[in-house]
Number of protein chains: 2
Amino acid sequence: MKTKEHKIPEATIKRLSTYVNYLGRLGTDSNPVISSEILGESCQVSPAQIRKDLSYFGEFGVRGVGYDTKKLEAEIKDILGINHNWPTTIVGVGKLGQALLNFDFFRNHGFRIITAFDSDPNKIGTEAANGVTIQSISDIEKCVREEKISIGIITTPVAAAQEVADKLVSGGINGILNFAPIKVRVPETITLRNVSITSELDNLAYLLTQKKR
Amino acid sequence: MKTKEHKIPEATIKRLSTYVNYLGRLGTDSNPVISSEILGESCQVSPAQIRKDLSYFGEFGVRGVGYDTKKLEAEIKDILGINHNWPTTIVGVGKLGQALLNFDFFRNHGFRIITAFDSDPNKIGTEAANGVTIQSISDIEKCVREEKISIGIITTPVAAAQEVADKLVSGGINGILNFAPIKVRVPETITLRNVSITSELDNLAYLLTQKKR
DNA sequence: GCGACAATGTGATAACTGTCACAGCCTAAC
DNA sequence: GTTAGGCTGTGACAGTTATCACATTGTCGC
Ligand SMILES: NC(=O)c1ccc[n+]([C@@H]2O[C@H](COP(=O)([O-])OP(=O)(O)OC[C@H]3O[C@@H](n4cnc5c(N)ncnc54)[C@H](O)[C@@H]3O)[C@@H](O)[C@H]2O)c1
Ligand SMILES: NC(=O)c1ccc[n+]([C@@H]2O[C@H](COP(=O)([O-])OP(=O)(O)OC[C@H]3O[C@@H](n4cnc5c(N)ncnc54)[C@H](O)[C@@H]3O)[C@@H](O)[C@H]2O)c1
């Protein structure tokens with residue numbers, strides 16, 4: 001894979017995710033080749049944008065023809081780094097944590113949730129999903145280190161989020177996906193993304209309010 | 001509220017959501033006034049960015065002093081339109097839908113989930129949460145119209161998402177928040193936001209991959 | 001009342017991101 | 001082999017968003 005030096009827009013990465021998602025759902029038999037125009041229609045992105053996004057990483061198409069569907073899917077997975085299984089853990093097996101644990105999509109998509117942690121004694125030792133047993137939060141540092149877990153997903157209440165993040169970090173985690181609505185603080189070396197479902201709703205409310213005025 | 005004509009960056013709206021969220025969690029007694037510097041530290045945004053964001057909508061601070069915490073919170077809620085309760089419905093009461101239904105935060109935050117719909121006969125008629133009874137999907141159009149529901153949250157499987165969106169639209173919905181990983185199609189007049197949890201994880205994987213290379 | 005101070009509000013500027021048009025390249029048909 | 005047609009890849013341009021510096025304006029102590 002040719003990775004050019006330029007910094008890649010975050011929006012490009014988000015769109016690549018959309019593309020690969022759509023390509024994966026496409027019957028490769030009936031659509032062995034796809035053009036940026038057709039792909040763009042499904043993903044609601046302009047054809048030029050798609051070509052530009054891909055051009056950051058190399059040349060994957062054939063001029064006059066289009067892209068080999070299966071090959072393009074593989075290439076994007078390679079770019080995103082979801083062509084292997086990231087060892088992942090979920091911390092806080094509440095409503096949201098349960099939903100994520102049971103979300104099959106992840107498994108077919110480059111992530112392998114291999115452990116789950118909670119502080120509730122009633123939950124510890126029970127099976128959360130797919131053969132994953134909930135472990136005590138006090139074992140998390142050791143476990144992250146020993147199982148070489150790369151990604152930690154935080155779905156604890158706000159009050160516990162920072163503390164959990166600290167434990168993940170000291171266990172040697174590489175990246176954190178945080179669903180608690182605060183910006184947790186981690187060292188520079190850790191990759192962190194905060195997911196704010198609330199802000200999506202707020203944004204919707206804003207747009208609706210604008211429309212009314 | 002003074003709303004200037006300029007188009008507001010989407011990123012600004014997202015940050016406003018962060019600000020208001022943080023302000024709401026702040027003890028107003030101990031912090032009657034807050035500066036852009038302090039707020040910025042908590043929200044991990046530069047002070048200048050905060051002032052710029054707010055300046056799109058008016059002047060809310062006092063020079064030499066800062067912002068009245070409580071007042072600023074109210075002003076931002078007003079800007080975002082989360083100072084009243086949007087009648088909201090959830091379609092698809094599975095794992096994720098359940099999590100959202102039980103998420104107290106929404107209720108204290110401008111949204112009132114008043115109905116829930118599913119197609120599963122075993123679920124219809126049971127209580128999902130907080131006194132919300134699951135209704136049959138076949139009643140959705142009538143109900144949206146009669147209850148004047150503004151916002152529809154889609155948490156059905158991919159296969160049903162477009163169909164559900166169509167029903168919401170024909171019932172007269174104003175806005176849709178879609179959690180299914182496809183871009184549903186709606187008329188121009190409907191405000192739509194797609195939430196992609198998957199793409200957040202993909203983004204994390206990408207960043208981690210970059211770090212390794 | 002006045003001066004020192006502190007933090008906002010904003011125009012100018014820099015950085016980033018998306019759009020467009022077309023050159024370049026491949027395929028296929030004859 | 002040659003030509004017509006079609007779709008990619010990309011440089012130039014336009015539009016958008018963030019950063020910066022500082023003028024502005026309010027507070028407080030004396
Ligand atoms: N439910 C939603 O729809 C939703 C949406 C957006 C964001 N969130 C956020 O996600 C987080 C979880 O939400 P939820 O609805 O699943 O909450 P929940 O209360 O159902 O689950 C929280 C879980 O975390 C566990 N926990 C608490 N402290 C812990 C600790 N120190 N270590 C390990 N585990 C701990 C609890 O035992 C519980 O099982 C919250 O921060 C919430 O704000 C939730
Ligand atoms: N679970 C997660 O963590 C997660 C994360 C990101 C996105 N998503 C997306 O959210 C959606 C829901 O995920 P989930 O895990 O809750 O799935 P789920 O299977 O647990 O729930 C889906 C629910 O939708 C109902 N349903 C199906 N067809 C319907 C229809 N036509 N009308 C009304 N209801 C219908 C089902 O009866 C079920 O109750 C999926 O599209 C999924 O891709 C889920």
Side-chain angles (χ1 to χ4, degrees), chain A residues 1-19 23 31-73 75-76 79 199 203 206-207 210, chain B residues 1-19 23 31-69 71-73 75-76 79 199 203 206-207:
Chain A
M1 189 181 78
K2 178 174 73 178
T3 307
K4 296 182 182 174
E5 284 312 311
H6 301 288
K7 207 189 130 281
I8 314 296
E10 180 169 323
T12 289
I13 303 302
K14 190 162 187 180
R15 283 189 297 266
L16 287 179
S17 177
T18 308
Y19 306 155
L23 290 171
N31 299 77
V33 168
I34 192 166
S35 70
S36 60
E37 178 154 359
I38 299 296
L39 181 57
E41 221 163 275
S42 308
C43 300
Q44 295 179 45
V45 172
S46 79
Q49 182 72 73
I50 292 181
R51 297 199 299 273
K52 186 69 150 185
D53 286 340
L54 294 173
S55 79
Y56 286 124
F57 301 96
E59 308 191 1
F60 307 113
V62 178
R63 299 184 186 205
V65 180
Y67 302 91
D68 179 310
T69 308
K70 218 178 161 75
K71 204 177 117 205
L72 183 59
E73 186 189 353
E75 291 280 12
I76 299 180
I79 294 168
S199 87
N203 208 316
Y206 169 74
L207 293 171
Q210 286 308 101
Chain B
M1 189 181 79
K2 177 173 74 177
T3 307
K4 296 181 184 175
E5 284 312 310
H6 301 290
K7 204 189 132 283
I8 313 297
E10 180 167 323
T12 289
I13 303 303
K14 190 163 187 176
R15 284 190 296 268
L16 287 179
S17 177
T18 309
Y19 306 155
L23 291 170
N31 299 75
V33 168
I34 192 166
S35 70
S36 60
E37 179 154 357
I38 300 296
L39 180 58
E41 221 163 273
S42 308
C43 300
Q44 296 178 44
V45 172
S46 78
Q49 182 71 75
I50 292 182
R51 298 200 297 275
K52 188 66 150 185
D53 285 341
L54 294 173
S55 80
Y56 287 123
F57 301 96
E59 307 190 2
F60 306 114
V62 179
R63 298 184 186 207
V65 181
Y67 301 91
D68 180 310
T69 307
K71 204 177 117 204
L72 183 59
E73 187 189 352
E75 291 279 12
I76 299 180
I79 293 168
S199 87
N203 208 317
Y206 170 73
L207 293 171

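Worth saying up front: this structure is predicted, and the values here are computed from it rather than measured. Letters A, B, ... are given to chains in the order of the sequence lines, protein chains preceding strands, and every chain is numbered from 1.
Summarising the geometry, the separation between NZ on A:Lys14 and P on C:dC16 is reported as 20 Å, rounded to the nearest angstrom. For A:Leu39 and D:dC7, the CG to C1' distance is 14 Å, given to the nearest whole Å. Atom pair B:Glu10:CD and C:dC16:C1' shows a separation of 16 Å (rounding to whole Å applied). As rounded to whole Å, 14 Å separates atom C1' of D:dA18 from atom CD1 of B:Ile50. Rounding to whole angstrom units, CD1 of residue A:Ile8 and C1' of D:dT10 are separated by 14 Å. Computed from coordinates, the A:Glu41 CD to D:dC7 P distance equals 13 Å when rounded to whole Å. Atom-to-atom, CD of B:Glu37 to C1' of D:dT19 comes out at 16 Å; the value is rounded to the nearest Å. Look at CZ on A:Phe60: it is 14 Å from P on D:dT8, rounded to the nearest Å.
The shortest distance between the side-chain N/O atoms of A:Lys7 and the OP1/OP2 oxygens of C:dA15 is not below 4.0 Å. When the side-chain nitrogen and oxygen atoms of A:Tyr67 are compared with OP1 and OP2 of C:dC26, none of them lie within a distance under 4.0 Å.
Among the nucleotides C:dT8, D:dT27, C:dG9, the one closest to any side-chain atom of B:Ser35 is C:dT8. Among the nucleotides C:dT8, D:dT8, D:dT17, the one closest to any side-chain atom of A:Ser36 is D:dT8.
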Please tabulate the protein-to-nucleotide N/O contacts below 3.5 Å involving nucleotides 18-25 of chain C, giving atom names and distances.
| from | atom 1 | to | atom 2 | distance (Å) |
| --- | --- | --- | --- | --- |
| C:dG18 | OP1 | A:Arg15 | NH1 | 3.1 |
| C:dG18 | OP2 | A:Arg15 | NH2 | 3.1 |
| C:dT19 | OP2 | A:Gln49 | OE1 | 3.1 |
| C:dG24 | N3 | A:Arg63 | NH1 | 3.3 |

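Under the 4.5 Å side-chain criterion, counting only non-hydrogen atoms from C-beta, A:Leu16 is not in contact with A:Tyr56. Looking at heavy atoms from C-beta onward, B:Asp53 lies in side-chain contact with B:Tyr19 at the 4.5 angstrom threshold. Side-chain contact between A:Leu72 and A:Leu23 is present, with at least one heavy-atom pair separated by less than 4.5 Å.
Between A:Val62 and B:Val62, the residue whose closest nucleotide on DNA chain C is further toward the 5' end is B:Val62.
Listed by chain and residue number, A:Arg193 satisfy the side-chain hydrogen bond (donor to acceptor under 3.5 Å, both in side chains) test with A:Glu10 (two or more places apart in sequence, or in another chain). Scored by the side-chain hydrogen bond (donor to acceptor under 3.5 Å, both in side chains) test, A:Ser17 finds B:Asp202 as partners (sequence neighbours excluded).
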Next item on the list: Evaluate the criterion side chain to side chain contact (heavy atoms under 4.5 Å, CB included) for residue pair B:Tyr67 and B:Glu73; output intermediate values, then yes/no.
Entry: CA-CA 10 Å; B:Tyr67 301 91; B:Glu73 187 189 352; over 6 Å; no
Next item on the list: Mind running side chain to side chain contact (heavy atoms under 4.5 Å, CB included) on A:Leu54 and A:Ile76 for me, showing each step along the way?
Entry: CA-CA 8 Å; A:Leu54 294 173; A:Ile76 299 180; 4.3 Å; yes
